[in-house]
Amino acid sequence: MPVSWTTASIPDLSGRLALVTGASSGLGLETCRALAAHGATVVMACRSRQRAEAARQSLLTPTGGGSPDAGAGASPWGALDLLDLDLADLASVRSAAAEVADRYGRLDLLINNAGVMAPPRTLSRDGFELQFATNHLGHFVLTLLLLPLLRQSPAARVVHVTSGAQYFGRIGFDDLQGERRYDRWQAYSQSKLANVMTAVELQQRLQAEGSGVLSLAAHPGLARTNLQPTSVAMNGSPIEAFAYRLMGPLFQSAAMGALPQLYAATAPEATPAGHYGPDQLGGMKGYPTPVRIAPAAQDADQRQRLWQVSEELGQAVLGDVALTLGRA
Ligand SMILES: NC(=O)c1ccc[n+]([C@@H]2O[C@H](COP(=O)([O-])OP(=O)(O)OC[C@H]3O[C@@H](n4cnc5c(N)ncnc54)[C@H](OP(=O)(O)O)[C@@H]3O)[C@@H](O)[C@H]2O)c1
């Protein structure tokens, strides 16, 4: 890996189609900016059309980088398209995937980035715990529904955005939805561990079917985005608000936080099932480097169990849609 990999190392992406979930703010917005600046057509998949349009407009300004006269001499900016997607509603996930197939008939990059952190126990539209539903299950189903398009691309990648919280996570198979006991931080860690488990298991299954689609994972360290303010707003916790203020100097910018997922999505040297994060302060800030995955994600039995449960839950809601991707 080159020293201090930055967006300047992203290859020309002209002709590539990328879909980024949670593109309305934070890491998702920065990911869209960098991909479009290198010529990709970017589908900004968001639950609020209003916030999505505001985010798109923020990119299409001279300071956003995407005005027609910006970047003269560099690769031309790619188009920025909008897609309605609520990951906490599997019917919306199904419609979004169908819309991508209808509109484009292809897909090269899928960045599973959207997330919520540590809300009070809340249920998704389908009755699942909100973090499990948004961070894990919605992305799991979206990925399986988009795989037929990704398989057609000569060099497709799926990037799963996880977190350092994965190292504290465990999959509570006996109480996945936190019905008996809900600890909002444990539920967040569970969902982020599920992201990296899915990344590794998906790679295994793609390899088993002889597919060239790559599955990778990345975490941003600590990045200044809407994640923490939204979490505080949902919990009304003054202690957490104070803790984040104290931690202020540790936070890096959203643009820096997005680098590991951009590396996973575009670097030619990124490896199948590779996991990337920042290289400094124990993975809290810095430039992308390979980082270890949580031990539970290295356990094939746990991965396969999570995969099977996720398939069953998705199938229970969507019924008629095929959500299986077998192992050899
Ligand atoms: N920032 C960090 O320090 C940090 C650390 C570790 C991991 N991460 C991970 O990084 C990813 C991006 O988070 P961020 O830090 O950029 O936070 P953010 O600024 O709050 O962005 C989160 C994005 O997810 C979207 N989202 C939330 N629920 C959704 C749903 N049901 N359907 C579709 N989109 C939904 C949000 O949309 P709205 O605008 O509509 O709310 C927003 O666009 C998350 O997966 C998070 O777990 C972040």
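No experiment lies behind these values; they were computed from the predicted model shown. Both counts, for ligands and for their atoms, begin at 1 and track the order of listing.
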query: Taking the side chain as C-beta and beyond, is there a heavy-atom pair between V100 and L83 under 4.5 Å?
result: yes
message: Within the structure provided, determine whether V291 and Y276 are in side-chain contact (heavy-atom separation under 4.5 Å).
response: no
- prompt: Does a salt bridge link D108 with R157, judged by any charged N lying under 4.0 Å from a carboxylate O?
  reply: no
Short side-chain donor-acceptor distance under 3.5 Å, D12 and S14: yes
query: Centroid-to-centroid, F140 to W307, below 6.0 Å?
result: yes
For ligand 1, output the ligand-protein N/O contacts shorter than 3.5 angstrom; if there are none, return none.
residue: ligand 1; atom: 1 (N); partner: A223; partner atom: O; Å: 3.1
residue: ligand 1; atom: 1 (N); partner: T225; partner atom: OG1; Å: 3.3
residue: ligand 1; atom: 3 (O); partner: A223; partner atom: N; Å: 2.8
residue: ligand 1; atom: 3 (O); partner: A223; partner atom: O; Å: 3.3
residue: ligand 1; atom: 3 (O); partner: Q228; partner atom: NE2; Å: 3.2
residue: ligand 1; atom: 15 (O); partner: T225; partner atom: OG1; Å: 2.6
residue: ligand 1; atom: 16 (O); partner: L27; partner atom: N; Å: 2.8
residue: ligand 1; atom: 17 (O); partner: T225; partner atom: OG1; Å: 3.4
residue: ligand 1; atom: 19 (O); partner: S25; partner atom: OG; Å: 2.7
residue: ligand 1; atom: 19 (O); partner: N226; partner atom: N; Å: 3.1
residue: ligand 1; atom: 20 (O); partner: L227; partner atom: N; Å: 3.2
residue: ligand 1; atom: 21 (O); partner: S25; partner atom: OG; Å: 3.2
residue: ligand 1; atom: 24 (O); partner: G115; partner atom: N; Å: 3.2
residue: ligand 1; atom: 31 (N); partner: D86; partner atom: OD1; Å: 2.9
residue: ligand 1; atom: 32 (N); partner: L87; partner atom: N; Å: 2.9
residue: ligand 1; atom: 37 (O); partner: S24; partner atom: OG; Å: 3.4
residue: ligand 1; atom: 39 (O); partner: S24; partner atom: OG; Å: 2.6
residue: ligand 1; atom: 39 (O); partner: R51; partner atom: NE; Å: 3.1
residue: ligand 1; atom: 40 (O); partner: R47; partner atom: NE; Å: 2.9
residue: ligand 1; atom: 40 (O); partner: R51; partner atom: NE; Å: 2.9
residue: ligand 1; atom: 40 (O); partner: R51; partner atom: NH2; Å: 2.6
residue: ligand 1; atom: 41 (O); partner: R47; partner atom: NH2; Å: 2.8
residue: ligand 1; atom: 43 (O); partner: G22; partner atom: O; Å: 3.2
residue: ligand 1; atom: 43 (O); partner: S24; partner atom: OG; Å: 2.7
residue: ligand 1; atom: 45 (O); partner: N113; partner atom: O; Å: 2.8
residue: ligand 1; atom: 45 (O); partner: A114; partner atom: O; Å: 3.4
residue: ligand 1; atom: 45 (O); partner: K192; partner atom: NZ; Å: 2.8
residue: ligand 1; atom: 47 (O); partner: Y188; partner atom: OH; Å: 2.7
residue: ligand 1; atom: 47 (O); partner: K192; partner atom: NZ; Å: 3.1

- line: Hits for side-chain contact (heavy atoms from CB on, under 4.5 Å) against R47, two or more places apart or cross-chain, chain-then-number order -> R51, D86
